[in-house]
Number of protein chains: 2
Amino acid sequence: MSKLDLFRFVPFRLNRLAAEVSSALSVEYQERYGLDIPEWRVLATLGFRVEPCSAQYIAHCTRTHKSTISRAVTALMERQLVERVENTHDRREFVLRMTRKGKTLYEQLIPRLLRREQEILSCLSAQERKDFAVLLGKIENSLDLVQTAKEAGAKEAY
Amino acid sequence: MSKLDLFRFVPFRLNRLAAEVSSALSVEYQERYGLDIPEWRVLATLGFRVEPCSAQYIAHCTRTHKSTISRAVTALMERQLVERVENTHDRREFVLRMTRKGKTLYEQLIPRLLRREQEILSCLSAQERKDFAVLLGKIENSLDLVQTAKEAGAKEAY
DNA sequence: TTTAGATGGTTGCAAGTGAGACTATCATAG
DNA sequence: CTATGATAGTCTCACTTGCAACCATCTAAA
């Protein structure tokens, strides 16, 4: 008679935790700035990278479906938070970057999100936070979650 | 100039990891048994508890919306994996339990899922797995994710 | 040069899901 | 007993999102 305790089952716990953490953060980007998760991911990727990048790159490294990213980019362009230019080397592709307005929003949003993250992790000591990050990293690596981001980056550098 | 590295940002990492782990597991319950996540959660809750319980209880402790659980229960009843009886003490509520057929499926499914979980965690040592569980637990606690399950259980026991 | 296949991006469609209205029932207070 | 509010469960609606078809463009090979 095999049994499974849902509350000790890591996949379930990850799901529940991710959902809860997401909803805690959405207060910031959703309610305050009217961004949904895909839109936030686009801004986050553009904001972190020095070089502008393509929608495909964002889709790859955030592991979000390209149609979802496409819609997010459209919405961000309508709000003039992001703009895009044709890539002269490859006219299928657009190069994306934040507008000044987008950067301003980004600058305001980031500290809030980092603060939220700290709040959520405040139940852990500094060492525990570090340990947690390492353990997450190991699991991510074994699932090839980091690999793809690097690949996409390497490829994008052409 | 504040920046945020998405790949070091715990909320994003949790989301991505949870999605990836879910999709790895869905091979088992989805493709093999045609169950979706809510349906699997219902079975998991019914299978673990000794006493049968209500849909509301499942919704509370799995943190799933009651309408989602309602639909899952309907689907499971149609497949005769779950049955329900009116609670004589409270005729608003139904008491749910697995049928023999449901139990058989459950018995077959559980070992597969546990094996998958072990595969996913196989990149961690025994001690690391333990640490990871503890850290998850601390975060869950601070977000009140465990509390609600216990409350629902206590209440259900009346 | 032409053709076949790959790739970046968009869009229509269908499935899943949360919010919230609704019904039926229960509990409590007057 | 009645009225009010809470609760269990269902249902409709709107929204999100993944899938897959599609178009344009690029690459490589014949």
Side-chain angles (χ1 to χ4, degrees), chain A residues 15-16 18-20 22-23 26-27 29-31 34-42 45 52-78 82-96 148 151-152 155-156 158, chain B residues 15-16 18-20 22-23 26 29-31 34-42 45 52-78 82-96 148 151-152 154-156 158:
Chain A
N15 245 303
R16 199 178 47 163
E20 189 67 13
S22 273
S23 107
S26 78
V27 174
Y29 51 74
Q30 188 103 52
E31 287 180 24
L35 298 171
D36 59 22
I37 291 189
E39 287 162 18
W40 147 243
R41 286 185 178 177
V42 170
T45 308
C53 63
S54 71
Q56 198 68 233
Y57 171 78
I58 301 176
H60 272 120
C61 75
T62 64
R63 291 231 152 182
T64 310
H65 197 276
K66 62 177 183 170
S67 63
T68 306
I69 295 297
S70 171
R71 283 184 269 255
V73 168
T74 303
L76 290 171
M77 287 199 305
E78 277 168 10
V82 156
E83 60 190 4
R84 64 182 193 182
V85 256
E86 261 192 16
N87 181 342
T88 43
H89 299 299
D90 184 342
R91 279 164 39 232
R92 290 171 302 182
E93 175 176 303
F94 298 95
V95 174
L96 300 169
T148 42
E151 273 167 27
K155 194 190 139 210
E156 213 271 347
Y158 67 92
Chain B
N15 245 301
R16 200 178 47 164
E20 189 67 14
S22 274
S23 107
S26 78
Y29 53 75
Q30 188 104 54
E31 288 180 25
L35 298 171
D36 61 20
I37 291 188
E39 287 162 19
W40 146 244
R41 287 186 177 176
V42 170
T45 309
C53 63
S54 70
Q56 198 66 232
Y57 171 78
I58 300 176
H60 271 120
C61 73
T62 64
R63 290 227 153 188
T64 310
H65 196 277
K66 62 179 181 168
S67 61
T68 304
I69 295 296
S70 171
R71 284 184 271 254
V73 168
T74 303
L76 290 171
M77 286 200 304
E78 277 168 9
V82 155
E83 61 191 3
R84 64 182 196 184
V85 254
E86 261 192 17
N87 180 343
T88 43
H89 299 299
D90 184 344
R91 277 164 41 234
R92 290 170 302 182
E93 172 176 304
F94 298 95
V95 174
L96 300 169
T148 41
E151 273 166 27
K155 192 193 142 206
E156 217 273 325
Y158 66 92

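Convention: sequence-line order gives letters A, B, ...; per-chain numbering from 1. Only this structure's heavy atoms are used, side chains among them; waters, hydrogens and symmetry mates stay out.
Residue A:Ser70 places at least one side-chain N or O under 4.0 Å from the OP1 or OP2 atom of C:dT10. Proximity of B:Arg91 to the phosphate of C:dA24: no side-chain N or O atom is located under 4.0 Å from OP1 or OP2. Between D:dC15 and A:Arg71, no contact under 4.0 Å exists linking OP1 or OP2 to a side-chain N or O.
Heavy-atom distances to DNA chain C give each of B:Asp36 and A:Phe94 a nearest nucleotide, and the one nearer the 5′ end belongs to A:Phe94. Residue order along DNA chain C, read from the 5' end via each residue's closest nucleotide, puts A:Asp90 first among A:Asp90 and B:Ile37. Each of B:Val73 and A:Thr88 has a nearest nucleotide on DNA chain D; the 5'-most of these lies closest to B:Val73.
For the pair A:Met77 CE and C:dG9 C1', the interatomic distance rounds to 11 Å; values are reported in whole Å. Regarding B:Gln30, its CD atom lies at a distance of 11 Å from the C1' atom of C:dG16, rounded to whole Å. Spacing between atom CG of B:Leu76 and atom C1' of D:dT10 amounts to 16 Å, rounded to whole angstrom units. We find that CG of B:Leu35 is positioned 18 Å from P of C:dA15, with the value rounded to whole Å. Put simply, CD on B:Glu78 is 14 Å from C1' on D:dT10, counting in whole angstrom units. Following rounding to the nearest Å, B:Glu93 (CD) and D:dT10 (C1') show an atom-to-atom distance of 15 Å. With rounding to whole Å, A:Ile58 atom CD1 is found 19 Å from C:dT7 atom P. For the pair B:Gln56 CD and C:dA24 C1', the interatomic distance rounds to 14 Å; values are reported in whole Å.
Minimum atom distance to the side chain of B:His65 is reached by C:dG18, of the listed C:dG18, D:dG18, C:dG9. Across D:dT10, C:dG9, D:dT17, the shortest atom-to-atom separation from the side chain of B:Arg84 is found for D:dT10. Of the candidates C:dG20, D:dC19, D:dT25, D:dT25 carries the atom nearest the A:Arg92 side chain, counting heavy atoms from C-beta on. Nearest to the side-chain atoms of A:Lys66 among the listed nucleotides D:dT12, C:dG8, D:dA8 stands C:dG8. For A:Thr68, the side-chain atoms get nearest to D:dG18 when compared with the rest of C:dT25, C:dG18, D:dG18.
To the nearest 0.5 Å, the span separating OG1 on B:Thr45 from CD1 on B:Ile69 amounts to 7.0 Å. The distance from the CZ atom of B:Arg63 to the CZ atom of B:Arg41 is 11.5 Å, given to the nearest 0.5 Å.
Closest non-hydrogen pair, A:Ser54 versus A:Leu96, comes out as C-CD1, 4.0 Å.
Side chain of A:Ser26 to main chain of A:Ser23: a donor-acceptor pair is present (N/O by atom type, distance under 3.5 Å, no hydrogens or angles). Counting only distance, with no hydrogens or angles, the side chain of B:Ser70 and the backbone of B:Lys66 share no donor-acceptor pair below 3.5 Å.
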